[in-house]
Amino acid sequence: MTNLTNLTITEALKGLESKDFSAVELTQAHIDAMGKAKGLNAFITETPEAALEQAATSDKRRANGTAGALEGIPIAMKDLFCTEGVQTTAGSHILEGFVPPYESTVSQKLKDAGTISLGKTNLDEFAMGSSNTTSHFGNVINPWKRQNDDADLVPGGSSGGSSAAVAARMAMGATGTDTGGSIRQPAAFTGIVGMKPTYGRCSRWGVVAFASSLDHPGPFARTVKDCALMLEAMSGHDPKDATSANIAVPNFAAALTGDIKGMKIGIPKEFRMDGMPTEIEKLWEQGISWLKDAGAEPVDISLPHTQYALPVYYVIAPAEASSNLARYDGVRYGLRVNGDGQTLEEMYFKTRSQGFGEEVKRRIMIGTYVLSAGYYDAYYRKAQRVRRLILEDFEKAFEVCDTILTPTAPSAAFAIGENEDDPIKMYLNDIFTVTANLAGLPAISVPGGLDSQGLPLGLQIIGKAWDEETVLRVGGVIENAVDFKAVPKGI
Amino acid sequence: MTYLIKGETGDWEVVIGMEVHAQVIANSKLFSGAATNFGAEPNSQVSIVDAAMPGMLPVPNEHVVAQAIKTGLGLNSKINHTSVFERKNYFYPDLPQGYQISQFEHPIVGEGVIEIDLPDGSTKEIGITRLHLEQDAGKSVHDQHPSKSFVDLNRSGCALMEIVSEPDIRSPEEAVAYLSKIRMILRYLETCDGNMDEGSMRADVNISVRKLGDELGTRAEIKNVNSLKAVQQAIDYEVPRQIEIIEDGGKVVQETRLWDPAKNETRSMRSKEEAQDYRYFPDPDLLPLHVSQEQIDEIKAALPELPDQKKHRFMGAFGLSLYDASVLIAERERAQYFETAANGNDAKLTANWVINELLGALNKDENKAITQSPVSAEHIGALTALISDNTISGKIAKDVFAEMYKTGKKPADIVEEKGLKQVTDTGAIETIIDEVIAENPDNVAAYKGGKDKLFGFFVGQVMKKSQGKANPAAVNELLKAKLS
């Protein structure tokens, strides 16, 4: 049973069903993998004992004939999802030691489907970052390495712990959250599949908020079908989240028919950025030709306000974050640092100064600034107007196409430390992904191949609102065409 | 009648606008399922949403929204089909989220107008600017520990309606009348209990002064004005303060001031420069609130009769004076009591008995509410019926009422037991009259000699002899005949 960790979720479900192995064995194999890959620092909190207990219970359920849709599948949980009785940190010192007395809706749904949680994965602090280098609990290291270069690479961010865990075969799937690309970019950087569904598809209840109108919970897995299975388990209306939509959840895996004949694939000209690496350009062309081969028809489309997406994002997301993070004040939970004078202001000041890292503070400052009197109209209100225009761009585009194909990120994984000198350069990582967050549209990243240094690159498919099925179907076609077999070094 | 304050430089007009915070009657909070009972153990009514635990989200309470719509309709105001919850950001330990969810640019209720009743019997219209929904904060407790402050989050997240008036109020009397009317309407609608003692209704008073015809002056916002008396007192204090500043060549500072009922003064809390930047923005956890016309129509159809409608009906249908009608409609229960009592009886007479006798007695009896009255509405009605059909006189009725109040017995039983039935038998009355005439020959002579005023003396004597039971009308008639 040495290869249990190499199975896909679909294969593992078959194996469990035909009693080739038990959930306990499957879980133990992943716990062993976690032990071997500790150096990647993918987890903040590991829960192997609880996982084995859950696995034993899971085996009983399967024996009883009460197996859930993902019965016995070991997964990893981004440490932004509150988990009852298990420390939840959001990657921040300010929440270190916080143990929620409640379970997020999405993690509860995954539990109900029979999954086994191996632990809580590392992330950029409060999900703010594209490289997983802002976590209070240290950097996550990408299991992939460049050819002939041992430099540690970033796994992408903010859900870098989850992407690294799935890529390194420590977990069969994982949860992530995507506010500007935080699922898709790490998926691309680690050669796996990551999907952000339509806004409102997965409940945000119990997910530590970064930017409420942009935060999308979603899954990671190593195949499109596995991703579809995870997503289906995570989705559904939640009366506890006022932005959760009361829309039926389809059988997503059934959408993977491979049939995209006659489908119109939009190719947005504005995504051809100046100075885009030729390898990325080549990957995109390759993706277009794969879809053509499968019978789809590429059409040129225009998303004219694309160039404003990143500035709009970096007004709206920090604005919401500056308010969402006000509750971390040292009064009720998490870190409290008392001042010498014991005044309230001093306690606030010290707690928040010591509790938050640099990137979080930067965004709180930006957000506070853009919402302040005299600047609100120029920044926040204008950004909201442009956001509306970006959504309208998509609505127009979808009059002539069914899905949109773009690269996921402007580069492959970079080394830890690169891009750190300049926040703007780091922010550019989100350039292809952020528009889908602003418009709330479903989007997936699937591996598109390797670059000349042997690092994975991702292709992104963006769909119409509530049409995850078409996105998954096109993703499945690319997956088949690529036949991505590469694994990170040392796995 | 214009209310003007004499200053050294001439007459000053007072301009007042009010912001009333009213806690919505609801079983649960604005955005969480926690209970809202007053006086519960500290922090016993706090959900993880109210405590702003990580990842918690607000979900609007539909009942509270309906209550706000109902109140808007009761204030004759426009209901907005779309309103937006926004975040008002500031740090305070009794504000767990670090922001209050409120409504700012797009409130649920827009412009309207209400009628206030003034002591001189006149009425005046006061404009309503808006009504919006917002969360209440928790409570900081500073007197439980030498160096620590405690926080009670029971009130945190309770739904408040903030009702903002136009600056149409021109005197302390009008301000009191406005607040009374708002409270009355909310109580009629059962959208707020109006208990100012318990803090479920609180007022901020915006006050400025100007010379007649001038532009609006700079206003001060007076907070913590938590009773009708305090409204009057705060204005009485603040107006001369502002006039004095201006007449001494100074300028009124736009600021928030606190009413201190112990010291009977207002004092500065913070100036405009120190005012916080609340960084309002639409709450991204909440979608815009949509209210359909059907929903509004449904609530409108179920509205109870409002105080002013009731007042006009009492005047029209029962022929009551404005004063009597106003007293009776002041409380919904009082009006209900009156209508029950007046059913099938002389309404004006019943109104007199309710207002003068019953309310007077309740007032003297530890200020009891009409719902605590030992005399039921049916019994008051029966008492007025006994007067109307001449069973007893009005004078005797007062004794009967006193007994009713003491014992709760039926008036007819009391009359029967005590033998208080009026004497209408003319023979019996004539006998008494004859006795009185015989005993007072001098006065008879004087009366016949032109001293008409003595008629009252004879009536009094006859009534006295009959122990008050003689029918006064019969006495009058028979006396006149005998003496002529």
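Chain letters run A, B, ... following the sequence lines, proteins first, then strands; residues in each count from 1. Just so you know, these numbers come straight off a predicted model, no measurement behind them.
With a 4.5 angstrom heavy-atom cutoff, B:F31 does not touch chain A via any of its atoms. Interface residue B:P58: only backbone heavy atoms are found under 4.5 Å from chain A. Only the backbone of A:A319 comes within contact range of chain B, judged by heavy atoms closer than 4.5 Å. Neither the backbone nor the side chain of A:Y375 comes within less than 4.5 Å of any heavy atom of chain B. At a 4.5 Å heavy-atom cutoff, the contact between A:T368 and chain B is made by backbone and side-chain atoms alike. Residue contact with chain A, scored on non-hydrogen atoms closer than 4.5 Å, involves the backbone and the side chain of B:F91 alike. Neither the backbone nor the side chain of A:D215 comes within contact range of chain B; no heavy atoms are under 4.5 Å apart. Contacts between B:D285 and chain A at a heavy-atom distance below 4.5 Å involve backbone atoms as well as side-chain atoms. Using a 4.5 Å cut-off between heavy atoms, A:R332 contacts chain B through its side chain alone, with no backbone atom that close. Heavy-atom distances place the side chain of A:F98, and not its backbone, under 4.5 Å from chain B. Within the 4.5 angstrom heavy-atom criterion, no atom of A:L214 approaches chain B.
Options A:A209, A:A373, A:P101 differ in how many heavy-atom pairs under 4.5 Å they form with chain B, and the most are formed by A:A373. The candidate from B:P93, B:S32, B:G98, B:P60 with the greatest count of non-hydrogen atom pairs under 4.5 Å with chain A is B:P93. Chain B forms more heavy-atom pairs under 4.5 Å with one residue of A:A242, A:S323, A:S212, A:S213 than with any other, namely A:S323. Counting heavy-atom pairs closer than 4.5 Å to chain B, the top-ranked of the candidates A:L95, A:V331, A:V207 is A:V207.
Distance alone, capped at 3.5 Å, places no donor-acceptor pair between the B:S208 side chain and the B:R219 backbone.
A:K361 has no carboxylate O lying under 4.0 Å from a charged side-chain N of A:E359, or vice versa, which leaves the two without a salt bridge. The pair B:R130-B:E111 fails the salt-bridge criterion, with no side-chain N (NZ, NE, NH1 or NH2) lying under 4.0 Å from an Asp/Glu carboxylate O. Between A:R385 and A:D377, no side-chain nitrogen of the basic residue sits less than 4.0 Å from a carboxylate oxygen of the acidic one, so the salt-bridge criterion is not met. A salt bridge does not link B:K139 with B:D94: none of the charged nitrogens is closer than 4.0 Å to a carboxylate oxygen. Of the charged side-chain nitrogens involved, at least one lies within less than 4.0 Å of a carboxylate oxygen, so that B:E221 and B:K223 count as a salt-bridged pair.
For the residue pair B:G157 and B:K29, the shortest heavy atom distance occurs at O-CB, 3.2 Å.
A cation-pi arrangement is absent between A:R381 and A:Y376 under the rule of less than 6.0 angstrom and at most 45 degrees off the ring axis. For the pair B:K88 and B:Y278, the cation-pi criterion (under 6.0 Å, within 45° of the ring axis) is fulfilled.
A:S203 and A:D238 form a side-chain donor-acceptor contact under 3.5 Å, judged by distance and modelled atom types alone.
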